[in-house]
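Read the structure below first, then the notes.
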Amino acid sequence: MANLTTNPSRPSARWARPGSREWLADKARMMLTRRLSGPMGSHGARMSHAWAYALATLSWVVCMLRQSPCRQSVPTDSPNRFGWMCYSDITALFFSRGQGTGSVPYFSMSWEYPVLTGYFATLASGISQIFGAMLNPSADGQQVLNNANIYFAVNAVGLFLCLLWLVASVLKIAPNYPILAMAVAISPAIWTTGLINWDLLVVSLTLAGLASWVRDKPITAGLWWGLAIASKFYPLVIVGALAVLCVRPDAWRTRATLKSWLKMAGVALVTWVVVNLPVMVTSLTGWEYFYSFNYASRGADLGSIWYALTLTGINLGSASIWSRVIMIAGYVGLALLIYFAPKTPTAAQIAYLAVTVMIVGNLVYSPQYVLWVLPLIVLARPKVLDLSIFTASELIYFVVIWMYLRGANLTLGAPSTPWIYVLAILIRIAATIWVMSRVVRDCLAKQPPAQRVEEVSALPASPVLASASPVSASPPLAVS
């Protein structure tokens, strides 16, 4: 039976002095938890799950409404996509790469994403034709625009289904606490970035893999993570970080964790090969473009610390080399943390730290990368303070990046440096590092001999030690 321990540094309502601030705060939290997500019996649990899906639907309605100013009806329209903060790669690539006239990713157009994202876009093009899109080289400007509107709508429906799947996976990981799924579903990150790119596809696959892993289903986890890596590469760092669990002394004695990880990694590799092979065989040049674009020729790009340094005139040499150095150092530190932590870190903690090491050191930190982190931070550090700081920093960056791309004056009176944008980058990265430090602190905290233990889920005992407590060892959405 999986258990969750409360934060030992903060007294629980049961032991706090009646009438004290801690006692009142915990009473309020417990009341809110019972209302929204506590163990209320089968009917109450089903109702709470329904609320999670309802909030996800509401978030998607907000996201769609935000995109409405960017919808064109005639080619002469020129919506201010950066001004309205409704830019989307989905339509931008549709226009610029020739999808509107029948071009196909990897075969007749360049495509800088892994193949499953290309399959998703190609499938959306096919479905668009069922609803009236005419994707052929003879299409005029108005027809291409009509095609784009239909194509965007089809993608929006597909990504909405991915969002619902994401919420379902969070509910599986912490079934007794739907409030965690609600926190994901109603997050402003969904409202603002849900339709910038196809990232909800890979996020939903990644969380499906995490849900399978913590429920001791390594083969299913490998299937979902193999598909996720075929969508975007970042889930690979989660798979790699979990490998360190295999050499922890408490896992090495039984070898069960090693067997589970090898099953998962083997299935993930086979899945990735099967998904990639058709494009590799039929259009090797198109398949290679993703790797050459992202790992061979890319320099410091929007949102990264390296781009901020470039804007301020600080030259450290090759940004790509520094990026690799930072990420290698970060993953060495994470490996040491997983190995030497007093108690085995949870799978959510490992996944969160693995992904954030990547995005902090990466050459680009796009606005929609917030979706990569959102469900992981909710599971690894379900604290109101941390989620508030995380959300605020992301919202600040979201507003400022579009101001910067629109050409607004962000120099604060300086000759040429857009200091407001540089500060937005630094605030975002600083907030990420701060939350990372809090998760590391949780991993290093020693478990006291006497503590109150409360059940968090009915997951069976797993040989995968990381699944022993799939969410943070603290009450859901506690204050501090």
Side-chain angles (χ1 to χ4, degrees), residues 81-82 85-93 95-97 105 109-114 117-118 189 192-193 195-199 202-203 231-237 288-331 354-373 393-408 410-411 416-433:
R81 291 181 171 84
F82 296 148
M85 304 181 189
C86 56
Y87 168 85
S88 174
D89 287 332
I90 296 172
T91 49
L93 293 176
F95 286 119
S96 64
R97 303 296 171 80
M109 58 178 280
S110 57
W111 190 257
E112 61 266 33
Y113 303 105
T117 302
T192 53
T193 67
L195 283 167
I196 290 180
N197 202 285
W198 293 271
D199 289 72
V202 63
V203 173
S231 302
K232 284 196 174 178
F233 247 36
Y234 86 86
L236 182 63
V237 301
E288 288 177 338
Y289 181 73
F290 162 74
Y291 301 94
S292 61
F293 176 81
N294 287 282
Y295 301 108
S297 60
R298 192 164 204 165
D301 211 333
L302 293 170
S304 69
I305 186 65
W306 319 113
Y307 192 75
L309 293 174
T310 299
L311 291 176
T312 57
I314 299 176
N315 184 9
L316 296 178
S318 174
S320 61
I321 293 177
W322 280 105
S323 173
R324 292 187 182 99
V325 168
I326 293 297
M327 283 195 280
I328 290 172
Y331 287 123
V355 172
T356 48
V357 165
M358 177 181 178
I359 61 179
V360 166
N362 204 14
L363 290 170
V364 60
Y365 194 173
S366 299
Q368 69 271 17
Y369 288 5
V370 61
L371 298 172
W372 301 4
V373 179
S393 68
E394 293 292 342
L395 288 175
I396 290 170
Y397 182 78
F398 181 81
V399 172
V400 176
I401 178 62
W402 303 124
M403 295 173 62
Y404 174 71
L405 292 175
R406 190 181 66 202
L410 304 177
T411 60
S416 59
T417 303
W419 284 108
I420 294 178
Y421 179 57
V422 171
L423 289 174
I425 293 175
L426 296 179
I427 289 171
R428 188 188 193 197
I429 292 177
T432 300
I433 293 174

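Considering all non-hydrogen atoms of both residues, M358 and M327 come closest at O-SD, 3.7 Å. Closest heavy-atom contact between V364 and L302: CG2-O, 3.5 Å. Annotation for V202 and P235: closest pair CG2-CG, 3.8 Å, computed over non-hydrogen atoms. Nearest heavy atoms, G118 versus P105: O-CG, 4.3 Å. In terms of heavy-atom proximity, A300 sits nearest to A319 at CB-CB, 4.1 Å.
Considering only residues two or more places apart in sequence or on other chains, Y113 meets the ring pair (Phe, Tyr, Trp, His ring centres under 6.0 Å) condition with W111, W198. In terms of the side chain to side chain donor-acceptor pair (under 3.5 Å) criterion, residue partners of S320 (sequence neighbours excluded) are, by chain and number, S318. Every residue meeting the side chain to side chain contact (heavy atoms under 4.5 Å, CB included) condition with S88, not counting sequence neighbours, appears here in chain and number order: Q67, I90, T91, F152. A search for side chain to side chain contact (heavy atoms under 4.5 Å, CB included) contacts involving S96 returns L93, not counting sequence neighbours. For S110, there are no side chain to side chain donor-acceptor pair (under 3.5 Å) partners two or more places apart in sequence or in a different chain. Under the side chain to side chain donor-acceptor pair (under 3.5 Å) criterion, Y331 pairs with no residue, sequence neighbours left out. Annotation: side chain to side chain donor-acceptor pair (under 3.5 Å) contacts of Q368 (sequence neighbours excluded): none. Residues that satisfy the ring pair (Phe, Tyr, Trp, His ring centres under 6.0 Å) test with W306, not counting sequence neighbours, are absent from this structure.
Of the inter-residue distances, the one linking D199 atom CG with K232 atom NZ reads 3.0 Å to the nearest 0.5 angstrom. Atom OG1 of residue T411 and atom CH2 of residue W419 lie 11.0 Å apart, to the nearest 0.5 angstrom. To the nearest 0.5 Å, the span separating OG1 on T117 from CG on N197 amounts to 7.5 Å. Between the CG atom in L363 and the CZ atom in R324 there is a gap of 7.5 Å [rounded to 0.5 Å]. Atom CG of L309 is separated from atom CG of N315 by 9.5 Å, given to the nearest 0.5 angstrom. Here the CD1-OG distance, from I429 to S304, works out to 7.0 Å after rounding to the nearest 0.5 Å.
A distance-only check finds a donor-acceptor pair linking the side chain of T193 to the backbone of A189 [under 3.5 Å].
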Check: residues 397-404 side-chain donor-acceptor pairs under 3.5 Å, at least two apart:
{"residue": "Y397", "atom": "OH", "partner": "G303", "partner atom": "N", "Å": "3.3"}
{"residue": "Y397", "atom": "OH", "partner": "Y421", "partner atom": "OH", "Å": "2.9"}
{"residue": "W402", "atom": "NE1", "partner": "F398", "partner atom": "O", "Å": "3.3"}
{"residue": "Y404", "atom": "OH", "partner": "Y307", "partner atom": "OH", "Å": "2.8"}

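Ring pair Y369/Y234: centre-to-centre distance not below 6.0 Å.
For residues 299-319, the salt bridge (Lys or Arg N to Asp or Glu O under 4.0 Å) pairs, not counting sequence neighbours, are R298-D301. Note on residues 305-315: no pairs pass salt bridge (Lys or Arg N to Asp or Glu O under 4.0 Å), not counting sequence neighbours. The salt bridge (Lys or Arg N to Asp or Glu O under 4.0 Å) contacts involving residues 418-430 comprise E394-R428, where partners must be two or more places apart or lie in separate chains.
Considering only heavy atoms from C-beta on, T192 stays 4.5 Å or farther from V370 through its side chain. Side chains of I196 and P367 form a contact here, defined as non-hydrogen atoms less than 4.5 Å apart.
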Problem - Audit row: I305, L426, side chain to side chain contact (heavy atoms under 4.5 Å, CB included) steps and yes/no - result: CA-CA 7 Å; I305 186 65; L426 296 179; 3.5 Å; yes
Handout entry: Chi angles and distances behind the side chain to side chain contact (heavy atoms under 4.5 Å, CB included) call for V373, I359
Key = CA-CA 9 Å; V373 179; I359 61 179; 3.5 Å; yes
